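Counting from 1, the numbers follow the sequence of the chain as shown. Read the numbers this way: they start at 1 and go in the same order the structure lists the ligands and their atoms. Bear in mind the structure is a predicted one, so any value in this text is a computation, not a measurement.
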Amino acid sequence: MPHYPTLREQFISRFGGDESGIRIFEAPGRVNLIGEHTDYNGGAVFPAALTFGTTLLIRPRADRQLSLASTNFPADTRLVSLDGLTFTGDDDWTNYPKSVVWELGQRGIELPHGYDMLFHGEIPNGAGLSSSASIEVVTAYALLTLEGRNTDTVEIARWSQHAENEFVGVKCGIMDQFAVANGRKDHAILLDCDTLKHELVPFESGDCKLVIGNTNKRRGLVDSAYNERRAQCEAAVSDLRAAFPELTLLGQLTLGQYDEFEHLIADDTVKNRARHVVEEIDRVGRSVEVLRQGDLAAFGRLMNASHDSLRDLYEVTGAELDAMVAAAREVPGVLGSRMTGAGFGGCTISLVHQDAVERFIAEVGDKYKAATGLTADFYVCDIGDGVHEAKEEI
Ligand code: GLA
């Protein structure tokens with residue numbers, strides 16, 4: 001939980017003025033419980049918002065500049081004109097708030113003046129817990145609120161995803177922005193990424209805790225094989241159109257339909273990618289069912305199956321994630337463990353009996369270090385709320 005008075009002081013020391021007029025907004029990070037690489041295939045995902053994320057302190061300026069600062073990079077305040085916003089590699093994280101202002105412009109919402117903005121991020125960068133979506137969504141929500149516009153959080157998710165796709169150039173799906181915008185304390189979100197129909201499902205983990213393990217192997221989404229995976233899924237759709245002429249996304253097929261026509265996919269690698277997607281979507285449905293019955297052991301087995309499929313069929317895990325998951329599964333009291341997010345590094349999520357959490361952190365940390373030379377971090381995960389204006393407790 002950030003300390004607002006300290007953040008206010010930092011805001012004033014960067015931008016001058018006094019406390020009046022500063023508003024504070026927050027957006028969480030997210031963790032995906034199951035349903036990986038299904039969102040851009042129009043399938044189901046099952047993410048949850050975290051209790052930590054990005055805090056934004058914001059105040060209007062008289063001119064047409066955005067002044068962007070972050071407590072995470074104390075030496076650096078960027079001044080950006082509202083007119084002619086473009087993506088620049090050197091602008092680093094500031095491309096995310098810029099992308100949102102650009103997106104609002106695309107939607108006919110021109111800001112009449114600039115803003116001073118101080119960001120405070122508690123999500124480790126590059127960990128796959130959606131620090132960028134969190135910055136985008138908090139920026140969009142704050143600006144729309146201050147401009148007296150509609151702050152529909154489903155729209156905010158769509159716009160933020162579009163900003164990342166078109167301005168930043170990362171062809172991500174909608175899951176991250178959606179979870180960050182629409183999360184609810186103690187609930188996971190069952191989201192159909194084709195229709196955006198969604199349902200908040202109470203996440204009751206009984207005697208168990210969700211534990212996030214950060215491999216501290218940075219995950220490069222833009223440069224990674226992410227876009228290649230997307231293209232392979234499109235190739236599968238194109239082959240399957242021989243049987244389903246109207247097909248546009250793999251998520252429109254049931255597992256049974258896929259089984260029957262998989263032979264139409266020419267390339268074996270593409271076949272593996274497609275099989276992961278349709279089976280993973282099926283696992284999301286089964287996960288929600290077993291969780292409703294309180295069968296955590298069955299959910300744990302589905303988490304394991306998800307990881308194994310991401311490792312063997314979708315091939316997005318890598319040595320670090322595999323080492324951490326293997327170590328996790330050896331600890332008594334672990335019901336399931338999988339990578340979460342895009343893969344190629346980033347984090348794992350494990351369902352661990354509460355009495356085993358301490359031992360889990362110690363043993364997985366040691367074994368992971370021995371296997372990879374890297375030091376892991378662990379966070380026992382509570383599920384928090386989506387984007388909102390902060391209620392100050394001074
Ligand atoms: C990243 C993307 C999401 C999703 C996941 C994989 O987090 O931003 O849209 O595709 O990878 O499930």
Side-chain angles (χ1 to χ4, degrees), residues 27-50 53 95-96 99 123-137 157-183 188-194 196 198 212 214-215 217-234 249-251 273-274 276-281 283-284 287 302-303 306-307 309-311 313-318 321 338-349:
R30 70 94 188 89
V31 65
N32 189 20
L33 304 183
I34 197 159
E36 221 64 83
H37 289 277
T38 52
D39 61 352
Y40 52 83
N41 288 297
V45 292
F46 196 47
L50 299 171
N95 281 306
Y96 297 111
S99 74
I123 308 168
N125 282 341
L129 300 176
S130 296
S131 56
S132 46
S134 178
I135 296 175
E136 290 155 7
V137 167
R158 288 182 47 236
W159 294 9
S160 299
Q161 180 208 10
H162 190 257
E164 180 145 353
N165 288 170
E166 300 306 320
F167 188 89
V168 182
V170 179
K171 301 293 176 196
C172 61
I174 186 114
M175 170 172 72
D176 302 349
Q177 289 81 5
F178 198 95
V180 165
N182 296 287
I189 308 168
L190 174 61
L191 170 67
D192 176 328
C193 298
D194 193 8
L196 298 190
H198 57 281
I212 295 174
N214 186 351
T215 62
K217 154 105 165 92
R218 277 182 74 98
R219 172 199 59 83
L221 197 59
V222 190
D223 302 323
S224 74
Y226 189 87
N227 288 349
E228 185 197 25
R229 296 297 183 284
R230 285 196 75 138
Q232 288 166 329
C233 293
E234 281 158 22
L249 293 163
L250 280 173
R273 307 296 190 242
H276 163 76
V277 170
V278 288
E279 288 185 350
E280 181 78 353
I281 294 169
R283 275 190 285 272
V284 175
S287 295
L302 289 161
M303 292 173 80
S306 167
H307 183 87
S309 173
L310 288 156
R311 181 190 61 211
L313 298 180
Y314 219 65
E315 297 182 279
V316 291
T317 56
L321 287 165
R338 59 181 292 274
M339 59 152 268
T340 180
F344 311 107
C347 288
T348 65
I349 181 156

### Task
Please determine if Asp176 has a nitrogen or oxygen closer than 3.5 Å to a nitrogen or oxygen of ligand 1.
yes
## Note on the structure
Per-atom filter on ligand 1: closer than 4.0 angstrom to a heavy atom of Tyr40 are 10 (O)
## Note on the structure
ligand 1 to Gly173, heavy atom cutoff 4.0 Å, flagged ligand atoms 9 (O)
### Ser132, Ser134, Ser160 screened by side-chain contact (heavy atoms from CB on, under 4.5 Å) with Tyr96, the one that passes
Ser132
## Note on the structure
So CG of Asp176 and CG of Asn32: to nearest 0.5 Å the spacing works out to 8.0 Å
### ligand 1 atoms in contact with Glu36 (distance to a heavy atom under 4.0 Å)
6 (C), 12 (O)
### Task
With heavy atoms of Met175 as the reference, note each atom of ligand 1 found under 4.0 Å away.
4 (C), 5 (C), 12 (O)
### Query
Does Asp39 come within less than 4.0 angstrom of ligand 1, counting non-hydrogen atoms of the residue?
yes
### Ring geometry between Tyr40 and Tyr226 (parallel below 30°, tilted from 30 to 60°, perpendicular above 60°)
perpendicular
### Query
For the side-chain contact (heavy atoms from CB on, under 4.5 Å) test, which of Val316, Leu310, Val284 pairs with Glu36?
Leu310
#### Entry: Straight-line distance of Ile174 CD1 to Glu164 CD, nearest 0.5 Å
11.0 Å
### Query
So is Gln177 in contact with ligand 1, going by heavy-atom distances below 4.0 Å?
no
### Task
With heavy atoms under 4.0 Å as the rule, classify the contact between Arg30 and ligand 1 as side chain, backbone, both or neither.
side chain
### Message
Checking Arg338 against Ser306: is there a side-chain donor and acceptor pair closer than 3.5 Å?
### Response
yes
